[in-house]
2 protein chains.
Amino acid sequence: MAGVLVIEDDDRIRLALLLALEDEGYVVRGAATAEEGLRAQRQDPADQVLVDLMLPGLDGFECIRQLRRDDDVPIVVVSARDDTHDIVAALEAGADDYVVKPVAIKELSARLRALRRRARTAAAPVPVYAFGGLEISPEEGEVRRDGRPVPVTRTEFRLLCELAEHAGRVLSRQQLLSRVWGYDTGDERLVDVHVGRLRQKIEADPANPRHLVTLRGLGYKMQR
Amino acid sequence: MAGVLVIEDDDRIRLALLLALEDEGYVVRGAATAEEGLRAQRQDPADQVLVDLMLPGLDGFECIRQLRRDDDVPIVVVSARDDTHDIVAALEAGADDYVVKPVAIKELSARLRALRRRARTAAAPVPVYAFGGLEISPEEGEVRRDGRPVPVTRTEFRLLCELAEHAGRVLSRQQLLSRVWGYDTGDERLVDVHVGRLRQKIEADPANPRHLVTLRGLGYKMQR
DNA sequence: CGGGATTTGTCACGCAACTGTCATCCGACC
DNA sequence: GGTCGGATGACAGTTGCGTGACAAATCCCG
């Protein structure tokens, strides 16, 4: 199948979107819940996915994360909520774009086209960050030390990915709070605690970290 | 160059965007006209471009087309006009995203990040100041002598960065106090002490400094 | 739906490292 | 040789970081 999967619980809106997109020349399919959408995508992947944030059961954010876990499919959020925090959270979760309802179908269509163009040109191998015996694979959602999987929690993983993505650069506690947690403000000790926990898991000698190092007064960084 | 190029004619808005993005950890550069932006991008390409639609001379749409012709760089339109027709036209012209002013910087930053993830933009190289065997890398938070990391404290590091940034120029103790410490007034001896400590760490012969030199009665400067 | 396990965020404390001040010494310049 | 600006060593106060304990939130499983 080639086309668009629309995950939206409101029957009227879903139908309207499906019809309008069909009119624009897309092959379409709908799902009323995140679970249904995920199942559909697994069985017979669409080229692009539209997802609402407020879904019954599994919510939109989690839906995005799970879609992303299996797949690099372009995801556009279509939400009624026009709130920076939601937008940031959705994009962080893995969405590619976020539009606010009601949306002009021409705009939606143009955004889908732009995204498809971008996704096509960028078909690339799965990136795996490696630091000595430490491997971090954002796509797989896995961390390995000397080839052995290390169990890390979601927050730890996001933190690790953020650091790995900017390997060699200092990231301040503020930057980490903002990028990993989405906090504008908050207790910086929180970062310390998670870094500490991460070190217990990924460092040979957690008291003398070789990869996840502290720069006193500046922040943390991943060392190659 | 690595980072974000902002093409926007309104000085106030451009400056605000640049500062905010810098705050988010981006390396930034601005251009006031499409022509200037295109030239900048050709000479020294940024990883991502922000462009306003209403520009004097060459307009935003044409600017996007020309950027696209040379390059696959991710382009985000930041416009005051919230009009489906403009949005569609901009995306058709080759833009990847379109946000309406005023925009929350957090949202913009998240969109840039999402786009970068999608475009798999090459990781930005790390800028480094070099003075003979002495390297100072603000991004990495590291100082190296002959390739070996030298442990410096935060204050020392800031001081060194300030001097390195204005290499070859004298900086008075007052200027340093103000830029490094944020003091309007204070004991100038403080600077001496930190310079001394720094010399112990980065100079081969601290008593006869070659890079961090004193200009009696004037201040200090970094010597190439 | 319920209860146990896991994860997450907060807090307070202790240690180590850093900062700024001061007094003294030194060397350049007139 | 005198004077002035700069260097330096010592020290006490402060700051920043790591950590263990704990409570709240969330997940997971039947």
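The figures here come from the full heavy-atom set of this structure, side chains too, leaving out hydrogens, waters and symmetry mates. Just so it is clear: chains get the letters A, B, ... in the order the sequence lines come, proteins before strands, and each one is counted from 1.
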Check the distance between C:dG9's P and A:L176's CG and give it to me in whole angstrom. 13 Å
Sequence neighbours left out, what pairs pass salt bridge (charged side-chain N to carboxylate O under 4.0 Å, His left out) with at least one residue falling in residues 167-176 of chain B? B:R173-B:D192
Any ion pair linking B:E107 and B:R111 (charged N to carboxylate O, less than 4.0 Å)? yes
With a cut-off of less than 4.0 Å, is there a side-chain N or O of A:T155 near OP1 or OP2 of C:dT8? yes
Crowding at CZ, A:R158 (>12 non-hydrogen neighbours, <6.0 Å): yes
Atom-pair distance (CD on B:E188; P on C:dC22), nearest Å: 15 Å
Return a single string for nucleotides 23-29 of chain C, one symbol per nucleotide in 5' to 3' order, where B is base contact, S is sugar-phosphate-only contact and - is none, cutoff 4.0 angstrom on heavy atoms. ----BB-
From CG of B:N208 over to P of D:dG6, roughly how many Å is that when rounded to an integer? 17 Å
Under 4.0 Å, counting only non-hydrogen atoms across every strand here, what does B:Y220 touch: a base, just sugar-phosphate, or nothing? sugar-phosphate
Within the pair A:W181 and C:dT8, is there a side-chain N or O less than 4.0 Å away from OP1 or OP2? no
B:Y183 has an atom OH; how far is it from atom P of C:dG20, in whole Å? 4 Å
Distance-only donor-acceptor check, side chains B:S178 and B:Y183, under 3.5 Å: no
Strictly below 4.0 Å, N to O, side chains only: are A:E8 and A:R12 in salt-bridge contact? no
If I take atom CG in residue A:D192 and atom P in nucleotide C:dC15, what distance separates them, rounded to the nearest angstrom? 18 Å
Could you give me the CA-CA distance, side-chain angles and deciding distance for A:I202 and A:V143, then say whether side-chain contact (heavy atoms from CB on, under 4.5 Å) is met? CA-CA 9 Å; A:I202 62 169; A:V143 179; 4.2 Å; yes
Ignoring hydrogens and geometry, is there a side-chain-to-backbone donor-acceptor pair from B:Q175 to B:S172 under 3.5 Å? yes
Measuring to OP1 and OP2 of D:dG18, would you say a side-chain N or O of A:R199 lies under 4.0 angstrom away? yes
So, OP1 or OP2 of C:dT19: does either fall under 4.0 Å of a side-chain N or O from B:T153? yes
Determine, for B:D72 against A:R118, whether the closest basic-nitrogen to carboxylate-oxygen distance falls under 4.0 angstrom. yes
More than 12 heavy atoms of other groups within 6.0 Å of A:D205 CG: yes
Scan nucleotides 20-30 of chain D nucleotide by nucleotide, 5' to 3', and note B when protein non-hydrogen atoms come under 4.0 Å of the base, S if they reach only the sugar-phosphate, - if neither. -----------
Return the nearest nucleotide to the side chain of A:L190; candidates are D:dA7, C:dG9, D:dC17. C:dG9
In whole Å, what is the span from the CG atom of A:D187 to the P atom of C:dA12? 10 Å
Rounded distance in Å - CG (A:L198) to C1' (D:dG18): 14 Å
Can you check the A:L218 CG to D:dG16 C1' distance for me, whole Å? 12 Å
